[in-house]
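By convention here, the first residue in the shown sequence is residue 1.
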Amino acid sequence: MASDIQLPDEALTDSGPADSAAGPKEDALIEQLRRTSELVSAQRLPEAELELLRAQAEAPRDLRVLKLLALVRFKLGRLAEARQIYREA
């Protein structure tokens with residue numbers, strides 16, 4: 001049902017006004033988002049969602065995490081949940 005939507009590269013590097021950690025913590029989050037993007041590309045959506053929930057626990061207002069989580073939920077056909085995340089982001 002959901003079409004193939006590619007996550008723009010800037011979504012991995014632009015955290016917006018939300019939690020913008022610096023240093024090793026930020027590097028770890030970026031690496032986690034890259035791994036998650038690879039899972040999404042491989043259509044391993046349940047695994048991607050779990051990774052994003054872990055990332056969200058560390059950075060609950062990070063726009064990159066929220067946008068990618070909304071995308072994963074959209075691809076899983078959970079449109080209402082995806083829409084709610086976009087509204088809150």
Discussion item. Give me the atom names and distance for the closest heavy-atom approach of Arg61 to Ala89.
Written reply: NH2-CA, 4.2 Å

Fill in: Nearest-0.5 Å distance that lies between atom CD1 in Ile30 and atom NZ in Lys25
13.5 Å

Discussion item. If I take atom CG from residue Leu71 and atom OG1 from residue Thr36, how far apart are they, to the nearest 0.5 angstrom?
Written reply: 11.5 Å

Worksheet entry | Distance-minimising heavy-atom pair for Val72 and Val40 | CG2-CG2, 3.5 Å

Item to complete: Provide the closest heavy-atom pair for Leu66 versus Pro60 in the form atom of the first, atom of the second, distance.
Response: CD2-O, 4.0 Å

Discussion item. Which residues pass the side-chain hydrogen bond (donor to acceptor under 3.5 Å, both in side chains) test with Glu31, not counting sequence neighbours?
Written reply: none

Fill in: Salt bridge Glu49-Arg78, side-chain N to carboxylate O under 4.0 Å
yes

Discussion item. Do Leu53 and Leu33 sit in one hydrophobic cluster, given that two such residues count as connected whenever their side-chain heavy atoms are within less than 4.5 Å of each other, even indirectly?
Written reply: yes

Worksheet item: To the nearest 0.5 Å, what is the distance between CG (Leu39) and CG (Leu45)?
Response: 9.0 Å

Discussion item. Please find the pair of heavy atoms, one from Ala70 and one from Tyr86, that lie closest to each other, and give the distance.
Written reply: CB-CE1, 3.4 Å

Item to complete: Please lay out, stage by stage, how Leu29 and Arg64 fare under the test side chain to side chain contact (heavy atoms under 4.5 Å, CB included).
Response: CA-CA 10 Å; Leu29 180 60; Arg64 300 165 295 184; 3.3 Å; yes

Response to the item:
With sequence neighbours left out, the residues meeting salt bridge (charged side-chain N to carboxylate O under 4.0 Å, His left out) with Arg35 are Glu51

Practice prompt. Could you tell me which residues satisfy salt bridge (charged side-chain N to carboxylate O under 4.0 Å, His left out) with Glu47, sequence neighbours excluded, listed by chain and number?
Written response: Arg44

Worksheet item: How many angstroms lie between atom CZ of Phe74 and atom CZ of Arg83, to the nearest 0.5 angstrom?
Response: 10.0 Å

Worksheet, complete the sentence: CD of Gln32 to CG of Leu52, rounded to nearest 0.5 Å, is 7.5 Å

Worksheet item: Out of curiosity, Arg73 CZ to Gln84 CD, how far, rounded to the nearest 0.5 Å?
Response: 10.5 Å

